[in-house]
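Below, chain A is the first sequence line, B the second, and so on; all start at residue 1.
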Amino acid sequence: MRTKLEIGVVSALFLVWITITLTSCGPGIFQQSAANSGVNAGESEKVFRHRWWNYYERAVSRMNNGLDQEAEADLLIALSKRSMDGRRARTYGMHFTDYFPHRELGVLYLQQGKLDAAEQELLTSIKQYPSAKASFYLNRARQKKIRTGGLDTTPPRIVIEGEEVFRKPTNALSLDLSGKIVDDQFVSGLNIQGNPYRIEQVSSEVSFRQTVNLSSGINTIEILAQDLAGNQTHRQLQVIVDRQGPQISVDKIKLGEEQKGMYLLTITGVAWDRQPIKSMSIAGHQVHVESETGDFFSEFRVLASTESVEFFAEDVVGNQV
Amino acid sequence: VNVVQDFFKQNLLSFISALVVITVFFVPFALAAPQFIQQVIIGSSPNPLGSGARALGMGSAFIGVADDATAASWNPAGLIQLETPEISVVGSFLSRSENYKSAINPESDGIQHSTSADLNYFSAAIPVQLPWTNAVLSLNYQALYDLNKSLDYTFNFNGSAPTPLGIPVVWNIKQQNHVRQTGTIHALSPAIAVQITPYISVGVTVNWWTDRLDNGNGWQQDMTSIATGRFGLGRPTLPLSTTLVQRESYDHLNGLNFNLGLLWEINEKLRLGAVVKTPFNLRMRHHLSTVTSGDVTGRSQLDESARLHLPLSYGAGLAVRLSDVFSIAMDILRTEWSGFYIQSQKGVPVSPLDGVPMSESRVKATHQVRLGGEYLIILPDTVIAVRAGLYYDPQPSPRGIDNVYGVSVGTGYMYKNLVFDLAYTFDWGNSLNGSASGIPNSRFKLRRHRVYASAIMHF
């Protein structure tokens with residue numbers, strides 16, 4: 001037999017359960033009360049248990065509501081409990097959250113005009129866990145700092161590695177363009193061929209490497225570098241691309257008297273190319289080509305049964321015919 | 001007694017036959033259990049089952065962790081850590097083998113094997129905001145005792161006894177016993193956790209042990225005992241064949257107890273938990289029917305109320321989060337087995353372990369020690385957990401304590417708001433008391449495999 005007491009206790013507990021659940025449900029079920037947390041309703045959508053993530057989430061919420069001082073206080077408390085920025089920080093059980101208190105504090109300081117503090121927090125955030133948002137706001141902070149102080153009037157320098165390679169004609173389909181941008185403050189942007197180049201870490205010296213596709217003829221490579229103060233430097237590189245081999249024109253072929261089954265063959269003509277001709281041969285015999293006129297002359301013996309001879313020429317770029 | 005008198009009136013051989021049958025059938029049971037109600041087979045372990053694959057994977061070291069929807073069964077104060085509603089469902093599979101060796105009945109030696117699958121746990125938890133503090137409510141269904149068990153064993157009775165005629169009665173009887181026990185004891189458990197200070201929380205789980213919501217709460221034992229052989233005066237020349245069929249069930253369970261929990265979050269890395277599980281009486285109906293057929297016939301029936309008293313247990317657990325990805329935990333739980341007894345309507349409290357009156361019982365308190373760890377592999381879109389644990393899970397025994405050890409491994413996979421956990425545990429003990437299984441003076445080797453699978457959804 002169930003005792004009345006037991007049934008009564010269980011019934012009462014169920015009643016309490018249902019009452020609490022029903023009275024707690026509704027729009028504010030996860031909102032912390034003003035009495036408990038000291039904030040306005042709607043600022044945080046989750047239960048507040050005084051954990052680092054509670055302070056962090058409330059701080060973000062407060063920032064969005066313009067409560068900068070309260071947000072700063074929350075971020076400082078969060079940082080005192082957990083000081084590392086990062087993604088998927090573990091809260092409880094199998095729950096995780098993105099946690100960037102240094103970054104958010106940096107953004108907050110930037111909004112308040114505390115540029116040194118903002119730069120410091122954003123740098124710390126990037127050092128602990130790089131994020132595009134932190135880089136963006138770090139640039140903003142530094143830009144503001146440089147512009148405010150008039151600290152940078154010199155445009156960045158563009159240094160191309162192995163620049164002499166670009167001055168020589170080539171028959172390549174592409175070239176690796178590499179180098180660095182150097183500024184007395186911070187390099188903020190780089191465009192190659194009109195395309196923005198991703199800068200991982202803003203600094204006074206940014207290295208780059210990119211493959212540039214080439215087409216036949218004259219190729220112009222545009223490089224545009226910019227520093228945080230807005231100073232720009234523009235460079236153009238011209239690369240001549242020649243993918244055609246030399247052209248050979250035969251003016252005269254003369255066949256001499258037969259001697260012992262062989263003929264003396266004399267050939268004169270012109271070999272021409274946009275680039276200097278590196279070498280030429282006829283039926284395996286090296287032929288000298290006049291560099292100015294392209295004229296060539298060759299004389300050698302061939303068998304009486306010979307029906308054809310092979311011409312070969314190569315320019316300095318490597319194109320052959 | 002009436003049966004014996006009837007047989008005596010008929011003839012002497014019948015009297016002797018009855019004497020033999022009584023000796024064969026009832027003496028062993030009388031030795032093991034002076035009263036019918038005292039014969040309770042509580043599986044290999046009267047320790048409650050754990051809840052949840054995550055906890056089991058960590059070697060059941062969860063009192064200090066208790067940060068998911070199964071917290072109500074480990075440490076209800078841990079529920080306070082839940083910041084979003086969660087529901088969880090846990091299934092379990094159990095395979096147990098017991099290798100018996102009897103000092104006086106070597107013919108009963110052998111491996112007994114049983115398996116079972118069950119819904120282990122179901123819960124729904126929701127955080128709520130009370131005017132003065134945070135709280136979490138949860139409603140839980142938990143299967144706490146698995147009583148599924150099978151036994152098949154044989155006794156050989158070769159002996160003699162003096163008679164008034166001066167010629168001894170001699171018998172060679174073989175008794176084959178088949179026992180099937182099925183059932184679980186589960187509870188419906190509302191729970192609440194309340195945050196007292198930012199770092200200290202308390203909780204209570206109310207375990208309502210009832211079959212009011214379903215009829216599956218309780219257990220049933222079916223036993224068939226077949227005796228065949230020969231007996232006679234001076235020489236065993238007369239054949240004997242008798243079958244005893246006994247069905248015993250315990251149902252209409254009703255009881256109430258509480259899990260009281262405390263959680264102290266000392267700092268971001270360290271948590272200390274404590275739990276007290278209050279003792280309670282599980283009231284129930286006990287039905288027993290026995291039918292004897294063959295050379296000896298008889299029928300008896302018993303319908304009475306009874307109560308199983310489950311003991312007080314209390315413990316503490318420490319959880320250390322060494323980093324976001326690695327945490328370890330340790331629990332110690334003491335159970336006062338002197339408070340574990342069963343009592344019929346008019347009987348005295350007896351030990352369910354061997355049927356001995358509690359005044360004579362030598363059962364001792366046990367201390368479970370559990371260690372576990374969890375390592376997380378955090379990937380961009382998912383989290384994979386690797387868990388392991390080991391534990392000392394002593395069993396109460398009529399003669400003191402039987403040592404049982406266990407190891408566990410587990411894994412978990414989280415995708416978005418779903419978490420799937422899987423755990424495997426292996427328990428072993430090399431010399432456990434087998435009296436409770438009905439084989440007097442026996443010891444057995446225990447090998448128990450358990451697989452738990454959980455699914456938890458966060459909202």
Side-chain angles (χ1 to χ4, degrees), chain A residues 1-3 5-26 28-37 41 44-55 57 77-78 80-84 86-99, chain B residues 54 65-69 71 78 80-86 126-139 188 190-192 195 197-199 201 204 206 208 210 212 252 254-256 265 267-268 283 305 321 323-325 327 376 378-380 383 385 412 414 417 419 421 456 458:
Chain A
M1 283 291 289
R2 297 175 183 86
T3 65
L5 176 64
E6 287 173 349
I7 293 172
V9 168
V10 172
S11 303
L13 283 165
F14 273 115
L15 194 62
V16 169
W17 162 279
I18 290 165
T19 305
I20 291 174
T21 304
L22 290 178
T23 54
S24 303
C25 284
I29 189 165
F30 300 121
Q31 295 170 355
Q32 59 191 79
S33 68
N36 184 40
S37 60
S44 178
E45 294 181 345
K46 289 187 176 176
V47 168
F48 193 86
R49 295 185 53 244
H50 301 268
R51 300 295 174 266
W52 52 265
W53 62 90
N54 298 141
Y55 284 105
E57 286 166 0
I77 294 172
S80 70
K81 293 171 179 289
R82 183 186 172 109
S83 61
M84 292 293 288
R87 293 207 185 282
R88 310 205 82 184
R90 191 178 187 187
T91 55
Y92 67 94
M94 295 288 279
H95 293 252
F96 303 85
T97 188
D98 290 347
Y99 180 67
Chain B
R54 179 161 172 249
V65 181
D67 58 1
D68 65 21
I80 198 67
Q81 299 173 91
L82 275 58
E83 294 184 3
T84 58
E86 286 189 20
I126 182 168
V128 295
Q129 185 68 57
L130 300 179
W132 65 93
T133 189
N134 295 309
V136 175
L137 299 173
S138 81
L139 189 59
L188 186 67
I192 184 170
Q195 191 172 12
T197 75
Y199 302 99
S201 305
V204 58
V206 182
W208 185 24
T210 178
R212 177 163 284 196
H252 288 79
N254 186 35
L256 201 67
E265 296 173 77
N267 55 43
E268 296 297 331
R283 293 184 179 81
S305 63
R321 185 180 286 185
S323 71
D324 272 7
V325 298
S327 51
L376 302 181
I378 302 175
L379 302 172
V383 177
M414 190 185 86
N417 59 341
V419 182
D421 293 309
I456 298 176
H458 310 140

For A/I77, enumerate each residue passing the side chain to side chain contact (heavy atoms under 4.5 Å, CB included) test, keeping only those at least two apart in sequence or located in another chain.
-> A/Y55, A/S80, A/K81
Can you find a pair of side-chain heavy atoms, one from A/R88 and one from B/D324, that are under 4.5 Å apart?
-> no
So B/I378 and A/R87, side chain to side chain contact (heavy atoms under 4.5 Å, CB included) or not? Walk me through it.
-> CA-CA 10 Å; B/I378 302 175; A/R87 293 207 185 282; over 6 Å; no
Identify which part of B/I456 has an atom lying under 4.5 Å from any heavy atom of chain A, answering side chain, backbone, both or neither.
-> neither
Do B/E268 and A/R82 meet the salt-bridge criterion of a basic N to acidic O distance under 4.0 Å?
-> no
Side-chain contact test, heavy atoms from C-beta onward, threshold under 4.5 Å: evaluate it for A/H95 versus B/T84 and give yes or no.
-> yes
Distance-minimising heavy-atom pair for A/G93 and B/R321 | N-NH2, 4.3 Å
Please report the closest heavy-atom contact between A/F48 and B/N134, naming both atoms and the distance.
-> O-ND2, 2.7 Å
Based on non-hydrogen pairs under 4.5 Å, which of B/N267, B/L379, B/D68, B/N417 is most in contact with chain A?
-> B/L379
Residue B/Q195 versus chain A: region with a heavy atom under 4.5 Å | side chain
With sequence neighbours left out, the residues meeting ring-ring contact (aromatic ring centres under 6.0 Å, His included) with A/Y99 are A/W52, A/Y56
Counting distance only, does the side-chain N/O of A/R49 pair as donor-acceptor with the main-chain N or O of B/E83 below 3.5 Å?
-> no
Are any non-hydrogen side-chain atoms of A/H50 and B/E265 less than 4.5 angstrom apart?
-> no
Tell me, out of B/G412, B/S327, B/P380, who's got the most heavy-atom pairs with chain A below 4.5 Å.
-> B/P380
